[in-house]
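Throughout, a chain's letter reflects where its sequence line sits, starting with A, and its residues are numbered from 1. All values reported here derive from a predicted model rather than from experimental measurement.
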Amino acid sequence: MNERDYKFKEIEKKWQTHWEENKTFKTPDFSDKQKYYVLDMFPYPSGAGLHVGHPEGYTATDIVCRYKRMRGCNVLHPMGWDAFGLPAEQYAVETGTHPSITTKKNTEEFKRQIKALGFSYDWDREISTTDKEYYKWTQWIFVQLYKKGLAYLDEVPVNWCPALGTVLANEEVIDGKSERGGHDVIRKPMKQWMFKITEYAEKLLAGLDELDWSEGIKEMQRNWIGKSTGANLFFQVAGFNERIEVYTTRPDTLFGATYMVISPEHKLVHKITTKDHKSEVDAYIEHAAKMSELERTSLNQEKTGAFTGSYAINPVNNEKIPIWIADYVLISYGTGAIMAVPAHDTRDFEFAQKFSLPIKCIIAPEEKEAEVKKISVEEILNGKACWDGNGKMIHSSNERGLNINGLEVNDSKARTIQWLEEMGIGKRATNYKLRDWLFSRQRYWGEPFPIVHMDDGIIKLLDENELPVLLPNVDNFKPSGGGESPLANAEDWLKYVDPTTGKKGRRETNTMPQWAGSCWYYLRYIDPLNADKAWDSKKEKYWMPVDLYIGGAEHAVLHLLYARFWHKVLFDLGLVSTSEPFKKLINQGMILGLSYKDARGVLVPSDKVESRDGNFYSKDTGEELVEFPAKMSKSLKNVVNPDDIIAQYGADSMRLYEMFMGPLEAVKPWNTAGVEGVYRFLKKSWRMITGSEISNISMNRKQLAVLHQTIKKVTEDIETFGFNTAISQMMIFINEFGKEDEIPKEAAECFVKLLSPFAPHAAEEMWELLGHKETLAYEKWPEYNEEYLKEDEVEVLIQILGKPKTKIMISPEASEIEMKKIALANSVIMEDLKGKPVRKVICVKGRLVNIVV
RNA sequence: GCCCGGGUGGCGGAAUGGCAGACGCAACGGACUUAAAAUCCGUUGUCCCUUAUACGGACGUGGGGGUUCGAGUCCCCCCCCGGGUACCA
């Protein structure tokens with residue numbers, strides 16, 4: 001073979017065409033092979049095109065897929081488009097271009113870019129959430145949830161964003177501003193569709209335990225669900241025939257409750273407010289209602305409130321304690337009322353200090369713990385400081401059989417709950433932070449609801465044969481203004497006549513949020529063309545659950561929680577066979593761009609930077625700059641477009657670099673110069689195959705060892721997603737074999753196979769050059785032989801007191817006694833040890849000897 | 001504040017409790033070349049000793065302490081950076 005250039009452009013085009021024409025990666029619905037379902041979080045096809053973060057996850061999944069195929073698995077690896085969403089709609093508002101046109105264009109561009117990377121997707125299974133054949137079934141799933149009683153209409157204070165003309169979900173509001181655009185958000189009551197995700201709180205929490213996800217992500221979901229346990233108990237209102245129920249996680253602190261706070265929205269506020277406090281309370285309620293989301297959540301959390309004039313009776317000691325209203329008690333959590341224990345709750349403590357309410361310490365702090373936290377025990381005991389840590393109860397007994405003095409916090413909790421239950425004034429209770437899911441949006445570009453509001457006031461759920469409810473064509477994409485979506489302007493579409501009864505109604509004008517389509521897309525991939533059903537249950541049984549799911553950490557909570565919720569409902573309905581959808585989840589880390597700043601920390605756009613001798617200077621001022629990683633952004637001009645990298649180095653180098661940068665889950669900076677390294681590696685690999693004599697000579701000991709080490713390392717690293725170190729090992733292989741003039745064919749073929757999941761185009765071409773006619777996509781993955789990894793002699797380090805002194809070559813099988821003998825007889829060691837008594841010798845077989853003197 | 005990650009050469013990163021810095025980038029020196037590109041070879045943690053790139057020594061994985069024959073790795077405390085969350089009783 002003659003040496004030829006590594007012409008990646010030709011090679012990549014050739015094989016992408018080959019795979020496409022031969023449908024190399026078409027996945028059969030069923031097979032005797034072990035199934036393996038690998039899912040990428042499908043992208044929203046934005047106008048900006050692909051950025052280097054997308055291919056990171058896609059490359060990782062593609063490597064696993066190609067590897068699994070070579071290990072004999074039937075692999076499902078699909079791709080699609082999460083194509084409903086706000087940007088296309090906003091573009092429509094600005095330009096009048098229909099979102100479907102924008103979406104089509106963007107999708108085609110995304111697809112071109114993704115295909116250019118040579119991923120082994122089964123494109124026959126491509127889906128888009130905006131296709132009516134797809135969203136028909138999204139609507140159908142809504143029908144199933146509705147029928148199960150999990151969907152309801154409610155008048156709720158929602159996050160209304162006047163600038164966007166729409167309601168936002170809690171998670172779309174960041175620091176009181178809209179996530180998109182940063183506009184002000186206020187609270188406004190509106191009729192909204194809600195999902196009772198709270199009914200599934202416990203199942204969603206418990207299900208996490210069986211999942212192979214990173215602990216961090218699971219913890220984030222647990223925190224979001226926010227389970228707590230404690231007690232619900234009643235406080236009698238003095239002078240009224242009313243009781244106020246409170247929820248507390250600290251029933252043990254009842255003796256320290258010196259006042260009560262109810263939320264300004266609490267239903268008893270008006271009833272129990274006395275005449276002389278009415279004006280003050282009314283003013284406070286108005287103040288609280290007017291507050292924007294920003295003010296409520298802002299860091300300036302100075303406590304405010306008003307006294308109602310009424311008192312409650314503390315059930316453990318019959319003390320009269322004042323009832324206040326304050327916005328730090330939320331109506332939406334627990335019972336909207338609390339017992340305040342200022343001595344042992346920091347919020348209550350702040351409030352009590354501000355309004356000079358009594359503070360009664362009932363826990364003697366654990367002294368060591370107080371010392372660590374630098375809080376004076378004396379101040380705590382005198383009510384001058386707050387203690388929310390551990391300790392022993394004091395001043396906590398009554399004449400009716402409750403005495404928890406001397407008990408630790410946990411024991412006293414249990415004892416108090418028991419007492420409350422015996423006395424019939426309270427009981428054990430569990431609460432969740434998780435709220436019901438606000439599921440409607442006042443937008444055009446989303447799935448319409450399969451719902452009609454009949455003129456007689458009845459809410460009609462459409463029959464399956466009336467689906468899909470198609471999105472009507474409109475010209476005006478602006479929200480109607482009153483809070484309704486642009487669909488309210490589609491007059492013909494709005495009118496509905498019941499096909500059987502002839503009764504009239506108006507269609508629901510809300511549309512579903514973007515989360516809807518992504519809640520079940522992994523199920524549709526299994527049976528994407530099914531016109532009669534959302535999916536075939538036999539196929540579902542074969543493919544589910546998803547074995548590996550890779551995507552960005554920004555979806556750690558919401559998408560993954562919503563999808564799990566739908567899946568669990570579908571499971572309870574018998575529509576899917578697994579209780580969880582995603583068995584293993586990995587979040588790839590964000591890829592940052594390289595940025596530059598001057599001595600004052602001012603950021604300099606990358607196109608204003610020049611590099612000399614490894615240092616960086618401003619083109620404008622000549623000042624020396626410091627390189628550092630920062631989030632890619634248009635303004636810093638540090639966005640890397642995969643197209644440019646592919647043009648310069650090829651898709652295979654792009655894929656290799658994405659993986660070589662560092663661990664998949666780590667945040668890491670992109671450095672285009674680094675692509676050079678993997679590109680050189682590919683060129684060396686290419687030269688080894690094309691520029692050397694490939695023959696049937698046998699390998700020497702060293703070559704066998706390197707080859708089998710490489711097989712072992714690459715195999716194990718793919719299994720554990722350590723792609724960066726797998727590539728390092730292949731580089732070591734090339735550094736060893738690349739310098740030979742004659743390459744053993746076995747080694748060359750093994751190497752090409754190992755390389756193929758990472759750099760599939762180059763590998764296919766090399767495979768062909770080695771004389772094979774068929775694609776190597778389904779070739780058998782090489783196996784290593786433990787025999788060849790064994791070495792005759794290993795280097796063993798001899799240390800004295802942990803300091804390396806010398807090295808000896810001995811058999812790895814040498815016993816500890818032999819090692820000790822050889823080590824002590826070594827001349828360097830004898831020299832060093834002169835006279836000193838040897839106290840102990842530690843021998844680690846095949847590794848080291850440590851002599852303690 | 002709380003909960004998760006993380007801190008290792010000039011840079012990205014590697015290291016079952018056992019020689020820290022694999023592999024790569026950058027830099028420097030050299031070979032090839034009319035020259036450049038490409039390619040190949042070599043050097044590259046800091047400091048000390050030194051005629052020296054020898055020999056040898058000390059220090060070194062954010063800081064301090066501990067366990068151990070031995071710690072980047074295990075334990076305790078602290079600092080810094082990134083992400084999530086926020087009055088959830």
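In this structure, A/Val329 reaches the bases: a heavy-atom distance under 4.0 Å links it to at least one base atom across the strands shown. Residue contacts shown for A/Asp348 are absent, as no nucleic acid heavy atom lies under 4.0 Å away. Counting non-hydrogen atoms under 4.0 angstrom, A/Leu848 reaches a base of the nucleic acid. A/Asn223 comes within contact range of the sugar-phosphate backbone alone, with a heavy-atom separation under 4.0 Å but no base atom that close. Within 4.0 Å (heavy atoms only), A/Val844 reaches at least one base atom of the nucleic acid. At the heavy-atom level, A/Ser214 lies nowhere under 4.0 Å from the strands shown. Among the heavy atoms of the strands, none lies under 4.0 Å from A/Glu665.
Between B/U85, B/G12, B/A89, one nucleotide has an atom nearer to the side chain of A/Thr249 than all others, and that is B/A89. For A/Asp327, the listed nucleotide lying nearest its side chain is B/C87; candidates were B/A89, B/A22, B/C87. Comparing atom distances between the A/Lys303 side chain and each of B/A14, B/C87, B/A89 picks out B/C87 as nearest. Of the candidate nucleotides B/G24, B/A89, B/G12, B/G24 has the atom lying nearest to any side-chain atom of A/Asn735. The side chain of A/Asn850 sits closest to B/G18 out of B/A89, B/C4, B/G18. Considering only the side chain of A/Ile338, B/A89 comes nearest among B/C25, B/G13, B/A89. The side chain of A/Thr725 approaches B/A14 more closely than any other nucleotide in the set B/G13, B/G24, B/A14.
One atom, CG of A/Asp388, and another, P of B/G1, lie 14 Å apart when rounded to the nearest Å. Between the CD atom of A/Gln353 and the P atom of B/C87 there is a distance of 20 Å, given to the nearest Å. Put simply, CD on A/Gln729 is 9 Å from C1' on B/A22, counting in whole angstrom units. For the pair A/Ile217 CD1 and B/G5 C1', the computed distance is 10 Å after rounding to whole Å. Put simply, CZ on A/Arg847 is 17 Å from C1' on B/C69, counting in whole angstrom units. When the C1' atom of B/A89 is taken as reference, atom OH of A/Tyr333 falls 7 Å away, rounded to whole Å. Between the P atom of B/A71 and the CD atom of A/Gln799 lies a distance of 10 Å, rounded to the nearest Å. Across the protein-nucleic acid pair, A/Arg435 atom CZ and B/A86 atom C1' stand 12 Å apart, rounded to whole Å.
Taking a cutoff of 4.0 Å between a charged side-chain nitrogen and a carboxylate oxygen, A/Arg655 and A/Glu658 do not qualify as a salt bridge. Electrostatic pairing of A/Glu676 and A/Lys683 does not count as a salt bridge here, judged by no charged N lying under 4.0 Å from a carboxylate O. Using a 4.0 Å cut-off between charged nitrogen and carboxylate oxygen, A/Asp348 and A/Lys303 do not count as a salt-bridge pair.
If you look at A/Phe681 and A/Phe660, their ring centroids are not closer than 6.0 Å.
Comparing the P positions of B/G82 and B/G13 gives a spacing of 16 Å, expressed to the nearest Å. Atom name C1', nucleotides B/U61 and B/G72: the rounded distance is 5 Å, in whole Å. Distance check on atom P: B/C80 versus B/U67 gives 28 Å, rounded to whole Å. A gap of 12 Å separates the P atoms of B/G6 and B/A14, to the nearest Å. If you take atom P in B/U46 and the same atom in B/C78, they sit 34 Å apart, rounded to whole Å. Taking atom C1' in both B/A52 and B/G62, the straight-line distance is 36 Å, to the nearest Å. For the P atom pair drawn from B/G29 and B/A37, the interatomic distance equals 14 Å after rounding to whole Å. Between B/G10 and B/G21, the two C1' atoms lie 14 Å apart (nearest whole Å).
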Do any side-chain atoms of residues 734-741 of chain A form donor-acceptor pairs under 3.5 angstrom with protein atoms, and if so which ones, sequence neighbours left out?
residue, atom, partner, partner atom, Å
A/Asn735, OD1, A/Lys684, NZ, 3.4
A/Asn735, ND2, A/Met731, O, 3.4
A/Glu736, OE1, A/Lys702, NZ, 3.3

(message) Let's go through A/Leu330 and A/Tyr328 carefully: what are the C-alpha distance in whole Å and the side-chain angles of both, what is the deciding distance for side-chain contact (heavy atoms from CB on, under 4.5 Å) to 0.1 Å, and is it a yes or a no?
(response) CA-CA 6 Å; A/Leu330 310 174; A/Tyr328 85 91; over 6 Å; no
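For the side chain to side chain contact (heavy atoms under 4.5 Å, CB included) criterion with A/Leu233, the lone passing option out of A/Ile244, A/Val246, A/Ile425 is A/Val246. For the pairing with A/Tyr657, the ring pair (Phe, Tyr, Trp, His ring centres under 6.0 Å) check across A/Trp670, A/Tyr679, A/Tyr649 returns one residue only, A/Trp670.
The phosphate of B/C69 (OP1 or OP2) has a side-chain N or O of A/Lys840 nearer than 4.0 angstrom. Contact check, A/Asn724 against B/A14: a side-chain N or O comes under 4.0 Å of OP1 or OP2.
Nearest-nucleotide positions on RNA chain B for A/Leu797 and A/Asn431 put A/Leu797 closer to the 5' end. Summary of the strand contacts: A/Glu350 and A/Met731 both lie near RNA chain B, and taking for each the nucleotide with the nearest heavy atom, the more 5' one is attributed to A/Met731.
Under a cut-off of 6.0 angstrom, the local environment of CZ in A/Arg243 is sparse, with at most 12 non-hydrogen atoms contributed by other residues, nucleotides or ligands. A/Lys631 NZ: 12 or fewer foreign heavy atoms inside a 6.0 Å radius. Annotation: A/Lys820, atom NZ; neighbour count of heavy atoms from other residues, nucleotides and ligands within 6.0 Å does not exceed 12.
Side chains of A/Thr198 and A/Asp436: a donor-acceptor N/O pair is present below 3.5 angstrom, by distance only.
Ring orientation note: the planes of A/Trp686 and A/Tyr6 are tilted relative to one another, at an angle of 30° to 60°.
The glycosidic torsion of B/G5 lies more than 90° away from 0, placing the base in the anti range.
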(request) Determine, for nucleotides 38-44 of chain B in 5'-to-3' order, which nucleotides have protein heavy atoms under 4.0 Å from the base (write B), from only the sugar-phosphate (write S), or from neither (write -). (result) SSS----
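Taking a pair as Watson-Crick or G-U wobble with both distances under 3.5 Å, the runs of three or more consecutive pairs in RNA chain B are B:1-7 with B:79-85, B:10-12 with B:23-25, B:27-31 with B:39-43, B:45-48 with B:56-59, B:62-66 with B:74-78.
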